[in-house]
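Read through the structure below, which is laid out as structure tokens, and then see the notes.
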Amino acid sequence: MGKVIVLDHPLIKHKLTFVRDKNTGPKEFRELVKEISTLMAYEVTRDLPLEEVEIETPLAKTKSQVISGKKLGLVPILRAGLGMVEGMLDLLPAAKVGHIGLYRDPQTLKPVEYYCKLPEDVGERELIVLDPMLATGGSADAAINFLKKKGAHSIKLACLLAAPRGLELIQSNHPDVDVYLAAIDEGLNDHAYIVPGIGDAGDRLFGTK
Ligand SMILES: O=P(O)(O)OC[C@H]1O[C@H](OP(=O)(O)OP(=O)(O)O)[C@H](O)[C@@H]1O
Ligand SMILES: O=c1cc[nH]c(=O)[nH]1
Ligand SMILES: [Mg+2]
């Protein structure tokens, strides 16, 4: 079974409080989501392999460690996943970015795909799928299935919030995928929104409601 890592850090908890607050406007909301994503990048990349290189400090020759050529790929699920890209790129500037466009049909709650553009070497990259919300899990499940069909074999999922139902779906369908979260919330309301949640992440990021 994939690991579930809830990032238990005071800075993340503090920032998430203001992301949740309905009085936080799009500018501050975007900044906070970006900042939380940067903090998450630190933990999501904790297991990257290192190798030793020889360098010279101003005082002596020494051996020191660098990341050993691991190719990374960020895959935001549009739209809301876009809010997490810049913050991750601040720490991982060499990562390639692929996009998967999905929206959740409000009646059926099933994800509908409308766009996809991935790096050509997606199968060779360690991928981090980005979406602030894991609600029923249908969107993340569809995105991960799609990436696997395209040859991806190393996938992590990073979300701000998850409902237990979405988390269970990813764990049972994708035992190879570790999930990184800022918090796990109580559940879903009648419209499958995460409660207490943050509302519609895409609308809050882009001011569309
Ligand atoms: O786990 P699920 O039940 O599939 O729900 C989560 C999905 O819903 C939201 O996207 P939305 O459909 O609102 O599209 P948007 O990002 O364009 O607003 C969210 O960003 C996830 O992609
Ligand atoms: O709570 C939710 C659920 C799905 N999508 C969102 O943006 N928010
Ligand atoms: Mg939305």
Side-chain angles (χ1 to χ4, degrees), residues 2 4 6 15-34 36-37 40 44 73-88 97-118 127-148 155-174 177-209:
V4 176
V6 181
K15 290 176 191 298
L16 189 58
T17 298
F18 297 96
V19 168
R20 288 187 189 279
D21 190 332
K22 68 175 186 182
N23 295 314
T24 300
K27 178 176 182 287
E28 201 187 344
F29 187 91
R30 271 195 299 274
E31 287 167 359
L32 288 162
V33 170
K34 179 183 173 211
I36 294 172
S37 305
M40 292 185 83
V44 175
L74 303 178
V75 185
I77 301 177
L78 309 182
R79 288 174 302 166
L82 288 175
M84 298 179 73
V85 174
E86 227 184 290
M88 289 254 168
V97 183
H99 296 84
I100 296 182
L102 292 174
Y103 70 88
R104 195 175 73 163
D105 182 288
Q107 256 75 51
T108 65
L109 300 179
K110 298 278 177 241
V112 182
E113 193 194 319
Y114 61 88
Y115 185 75
C116 180
K117 182 79 182 173
L118 299 171
L127 302 176
I128 308 169
V129 175
L130 305 175
D131 195 327
M133 311 306 281
L134 184 64
T136 66
S139 303
D141 179 51
I144 293 168
N145 281 331
F146 190 76
L147 289 171
K148 287 181 174 175
I155 303 175
K156 292 172 176 169
L157 173 64
C159 306
L160 260 48
L161 295 186
R165 174 171 155 191
L167 204 46
E168 280 158 26
L169 184 79
I170 298 301
Q171 288 202 291
S172 84
N173 286 1
H174 304 286
V177 173
D178 292 343
V179 185
Y180 295 79
L181 300 165
I184 301 175
D185 274 12
E186 287 157 24
L188 299 175
N189 71 8
D190 293 344
H191 303 285
Y193 275 84
I194 298 178
V195 181
I198 62 175
D200 190 300
D203 284 338
R204 291 195 67 192
L205 276 168
F206 299 111
T208 40
K209 225 176 226 170

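Since the model is a prediction, treat every value here as computed from it, not as a measurement. Numbering of ligands and ligand atoms starts at 1, following listing order. Only this structure's heavy atoms are used, side chains among them; waters, hydrogens and symmetry mates stay out.
Residue Arg204 places every heavy atom at 4.0 Å or more from ligand 2. Under the 4.0 angstrom criterion for non-hydrogen atoms, Gly166 is not in contact with ligand 1. At least one heavy atom of Ala192 sits less than 4.0 Å from an atom of ligand 2. Contact analysis puts Gly199 in contact with ligand 2, with a non-hydrogen atom separation below 4.0 angstrom.
The Mg ion (ligand 3) has Asp200 among its coordinating residues (N/O/S atom, backbone or side chain, under 2.8 Å).
Among all protein heavy atoms, the one lying closest to atom 3 (O) of ligand 1 is Thr136 OG1, 2.5 Å. Nearest protein heavy-atom neighbour of atom 18 (O) of ligand 1: Arg79 NH2, 2.9 Å. The single protein non-hydrogen atom nearest to atom 13 (O) of ligand 1 is Asp200 OD2, 3.7 Å, given as residue, atom name and distance. Counting protein heavy atoms only, atom 2 (C) of ligand 2 is closest to Tyr193 CD2, 3.3 Å. When only non-hydrogen protein atoms are considered, atom 1 (O) of ligand 2 lies nearest to Ile194 N, 2.8 Å.
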| field | Derivation of the side chain to side chain donor-acceptor pair (under 3.5 Å) call for Arg104 and Thr136 | value | CA-CA 10 Å; Arg104 195 175 73 163; Thr136 66; 4.6 Å; no
| said: For a side-chain contact (heavy atoms from CB on, under 4.5 Å) check, start with the C-alpha distance between Leu161 and Arg20, then their side-chain angles and the critical distance, and finish with the verdict. | reply: CA-CA 10 Å; Leu161 295 186; Arg20 288 187 189 279; 3.6 Å; yes
| said: Met84 vs Ile36, test: side-chain contact (heavy atoms from CB on, under 4.5 Å). Steps then yes/no. | reply: CA-CA 8 Å; Met84 298 179 73; Ile36 294 172; over 6 Å; no
| said: Please determine whether side-chain contact (heavy atoms from CB on, under 4.5 Å) holds for the pair Leu169 and Leu134, giving the CA-CA distance in whole Å, both sets of side-chain angles, and the decisive distance to 0.1 Å. | reply: CA-CA 10 Å; Leu169 184 79; Leu134 184 64; over 6 Å; no
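Counting atoms of ligand 1 from 1 in the listed order, those under 4.0 Å from a heavy atom of Ala80 are 16 (O), 20 (O). Close approach of ligand 2 to Ala201 (heavy-atom distance below 4.0 Å) involves ligand atoms 6 (C), 7 (O). For ligand 2, the atoms lying closer than 4.0 Å to a non-hydrogen atom of Arg104 are 4 (C). Using a 4.0 Å cut-off to heavy atoms of Asp131, the atoms of ligand 1 that qualify are 19 (C), 20 (O), 21 (C), 22 (O). Interface atoms of ligand 1 facing Gly202, defined by a heavy-atom separation under 4.0 Å, are 18 (O). Counting the atoms of ligand 1 from 1 in the order shown, those under 4.0 Å from a heavy atom of Gly138 are 1 (O), 4 (O).
Separating the CD1 atom in Ile170 from the CG atom in Asp178 is a distance of 12.5 Å, to the nearest 0.5 Å. Separating the CG atom in Leu32 from the NZ atom in Lys27 is a distance of 10.0 Å, to the nearest 0.5 Å. Between Leu82 atom CG and Leu205 atom CG the span is 8.5 Å, to the nearest 0.5 Å. One finds the CZ atom of Arg165 at 11.0 Å from the CD1 atom of Ile194 (value rounded to the nearest 0.5 Å). Here CG of Leu130 is found 13.0 Å from OH of Tyr180. Values are rounded to the nearest 0.5 Å. One finds the CG atom of Asp203 at 11.0 Å from the CD1 atom of Ile198 (value rounded to the nearest 0.5 Å).
At under 3.5 Å, not a single nitrogen or oxygen of Tyr114, backbone or side chain, sits near a nitrogen or oxygen of ligand 1. At under 3.5 Å, a nitrogen or oxygen of Arg104, whether backbone or side chain, sits near a nitrogen or oxygen of ligand 1. Distances between N or O atoms of Met133 and those of ligand 2 include no value under 3.5 Å. Between Met133 and ligand 1, a contact under 3.5 Å exists for no N or O pair. Remark: ligand 2 and Ala135 share no N or O pair separated by less than 3.5 Å (distance only, no angle test). Between Ala135 and ligand 1, an N or O atom pair is found at a separation short of 3.5 Å.
The minimum heavy-atom distance between Leu160 and Val33, with the atom names listed, is CD2-CG2, 4.1 Å. Counting all heavy atoms, side chain and backbone alike, Ala142 lies closest to Leu102 at CB-CD1, 4.3 Å.
Residue-level proximity to ligand 1 for Asp203 is absent, since no heavy atom of it falls below 4.0 angstrom.
The local environment of CD in Glu86 is sparse, with at most 12 non-hydrogen atoms from other residues, nucleotides or ligands closer than 6.0 Å.
Between Gly81, Ser139, Gly137, it is Gly137 that holds the heavy atom closest to atom 1 (O) of ligand 1.
Using modelled atom types, no side-chain atom of Arg204 and backbone atom of Pro26 make a donor-acceptor pair closer than 3.5 Å.
The shortest distance between side-chain heavy atoms of Leu181 and Leu167 falls below 4.5 Å.
Protein heavy atoms are found less than 4.0 angstrom from atom 21 (C) of ligand 1. For atom 5 (O) of ligand 1, the nearest protein heavy atom is under 4.0 Å away.
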